[in-house]
Structure formats: structure tokens, C-alpha cells
Amino acid sequence: QVQLVESGGGLVQPGGSLTLSCAASVITFNIPVMGWYRQAPGNQREMVATITRGGNTNYTDSVKGRFTISRDSAKNTVSLLMNSLKPEDTAVYYCNVKTFVRDYWGQGTQVTVSS
């Protein structure tokens, strides 16, 4: 009943910026937590950023000061603004929604940071 579609990934040079967006198929106003996770080759999927219904945010240390997560209940979206991108940010980025029953995941969007 919850479908998530990511967009905004692509190839960018180090120091560049990208904005990822995730559109949900349901009203998101009361969803407790929405977030972005990523998985790089050879690594486990890791939390990048989360945001609660009240707007409280949490970031993994490696992206603090560079990434900004936001949610828009009017558009039923959660976005991730990524600035000062580094090669180590290269990964598949996944949108995540935590409901009262279980987690839902998007299909993922590739972000490649390379010269």
C-alpha cells in the first residue's frame, strides 16, 4: 500500500551538488520517520539521514554539514539536498518510510561522484 519512487540521481563531479527526491503513494503527514539510506559496492546499506513527522533530523557523521533532508507533506515527498559531494558518496541511494507496521523501500537511484 506504500510505493516509493526516487529520482534525481546521476553523475556529478567532486564538489558538485545533487538533490534526490522520493515521492510516496500515500499521505505522509503522519508517517513517523522518513529517510535516505545508501549502499556502496562492498558495503552494507547505511543510514544517511532521517526526519521525523515533527521535523527532527539525524545524519550520519560523514554527511553532516553537507547534506540536508526535508519532507513536504503537501507533496508527499522527502528530499535530500547533497552539497560538496565526494567520491566516497558514490552509492545507490534508497528512500525509506517507517510505518506502524513495517518499513517500505524505494527501488534506489544511483549517485556517482567522479572526475
Side-chain angles (χ1 to χ4, degrees):
Q1 57 272 37
V2 179
Q3 182 173 294
L4 307 174
V5 180
E6 302 102 334
S7 63
L11 174 64
V12 65
Q13 292 185 341
S17 299
L18 282 175
T19 298
L20 305 182
S21 295
C22 173
S25 63
V26 297
I27 296 173
T28 58
F29 184 83
N30 289 320
I31 291 178
V33 182
M34 303 177 71
W36 288 93
Y37 291 68
R38 67 186 180 187
Q39 187 168 17
N43 293 346
Q44 286 269 82
R45 186 176 297 186
E46 66 171 343
M47 186 275 290
V48 177
T50 60
I51 184 167
T52 69
R53 68 165 69 87
N56 294 322
T57 59
N58 187 37
Y59 300 91
T60 191
D61 287 343
S62 64
V63 308
K64 287 181 178 178
R66 299 188 298 121
F67 292 9
T68 302
I69 189 172
S70 62
R71 59 192 290 177
D72 188 336
S73 60
K75 298 179 180 179
N76 296 319
T77 59
V78 59
S79 298
L80 186 69
L81 171 60
M82 304 184 293
N83 292 322
S84 302
L85 283 162
K86 304 175 180 180
E88 51 262 45
D89 295 318
T90 296
V92 177
Y93 284 70
Y94 298 90
C95 181
N96 169 258
V97 168
K98 298 186 183 297
T99 71
F100 299 103
V101 180
R102 71 174 184 88
D103 282 22
Y104 292 87
W105 297 90
Q107 291 294 312
T109 184
Q110 177 70 48
V111 172
T112 302
V113 184
S114 176
S115 299

**Request:** Answer yes or no: is there a side-chain heavy-atom contact under 4.5 Å between Phe100 and Pro32?
**Result:** yes
**Shortest non-hydrogen separation from Thr28 to Ala24 and the atoms involved** = CG2-CB, 3.6 Å
**Request:** Measure the shortest side-chain to side-chain distance between Tyr94 and Gln39 over non-hydrogen atoms and say whether it is less than 4.5 angstrom.
**Result:** yes
**Request:** Decide if atom CD of Gln3 counts as having more than 12 heavy atoms of other residues, nucleotides or ligands within a radius under 6.0 Å.
**Result:** no
**Prompt:** When you look at Val63 and Arg38, which way does the side-chain contact (heavy atoms from CB on, under 4.5 Å) test go after all the steps?
**Reply:** CA-CA 12 Å; Val63 308; Arg38 67 186 180 187; 4.0 Å; yes
**Request:** Kindly indicate whether the side chain of Tyr59, heavy atoms from C-beta on, has any atom under 4.5 Å from the side chain of Arg66.
**Result:** no
**Prompt:** Atom CZ of Phe67 and atom OG of Ser62: how far apart are they, to the nearest 0.5 Å?
**Reply:** 7.5 Å
**Prompt:** Does a sphere of radius 6.0 Å around CD in Glu46 hold more than 12 heavy atoms from other residues, nucleotides or ligands, not counting ones at 6.0 Å or beyond?
**Reply:** yes
**Complete:** On a heavy-atom basis, the closest approach of Leu18 and Leu85 is N-CD1, 3.9 Å
**Item:** Validation row: Thr99, Val26 side chains within 4.5 angstrom (heavy atoms)
**Value:** no
**Request:** Please determine if Asp89 and Lys86 form a salt bridge, counting it only when a charged side-chain N lies under 4.0 Å from a carboxylate O.
**Result:** no
**Message:** Quick check: closest heavy atoms across Arg53 and Phe29, and the distance to 0.1 Å?
**Reply:** CB-O, 3.9 Å
**Prompt:** How long is the gap from OG1 on Thr19 to CG on Asn83, to the nearest 0.5 Å?
**Reply:** 7.5 Å
**Request:** Flag the pair Ile51 / Val78 as yes when at least one side-chain heavy-atom distance between them is below 4.5 Å, and no otherwise.
**Result:** yes
**Ser114 and Leu11, any side-chain heavy atoms less than 4.5 Å apart** = yes
**Request:** Answer yes if Met47 and Trp105 sit in the same cluster of Ile, Leu, Val, Met, Phe, Trp and Tyr residues linked by side chain heavy atoms under 4.5 Å apart, and no otherwise.
**Result:** yes
**Main-chain N/O of Gly9 paired to Thr109 side chain as donor or acceptor, under 3.5 Å** = yes
**Message:** Let me confirm one number: the CE-CD1 distance from Met82 to Ile69, rounded to the nearest 0.5 Å.
**Reply:** 11.5 Å
**Request:** Inspect the surroundings of CD in Gln44 and state if more than 12 heavy atoms from other residues, nucleotides or ligands are less than 6.0 Å away.
**Result:** no
**Message:** With a 4.5 Å cut-off on side-chain heavy-atom distances among I, L, V, M, F, W and Y, is there a chain of contacts connecting Leu80 to Tyr37?
**Reply:** no
**Request:** Could you pull out the closest heavy-atom pair between Ser79 and Trp36, with the gap in Å?
**Result:** C-NE1, 3.6 Å
**Prompt:** Do Leu4 and Met34 have side-chain heavy atoms sitting under 4.5 Å apart?
**Reply:** no
**Item:** Min side-chain heavy-atom separation Thr50-Lys98 under 4.5 Å
**Value:** no
**Prompt:** What is the minimum heavy-atom distance between Leu20 and Val111, and which atoms define it?
**Reply:** CD2-CG2, 4.0 Å
**Prompt:** Judged by atom type as modelled, is there a donor-acceptor pair below 3.5 Å linking the side chain of Thr77 to the main-chain atoms of Ala23?
**Reply:** no
**Prompt:** Distance-only, no hydrogens or angles: does the Glu6 side chain make a donor-acceptor pair with backbone N or O of Gln107 under 3.5 Å?
**Reply:** yes
**Prompt:** Is the backbone of Gly35 close enough, under 3.5 Å, to the side chain of Arg71 for a donor and an acceptor to pair up by distance?
**Reply:** no
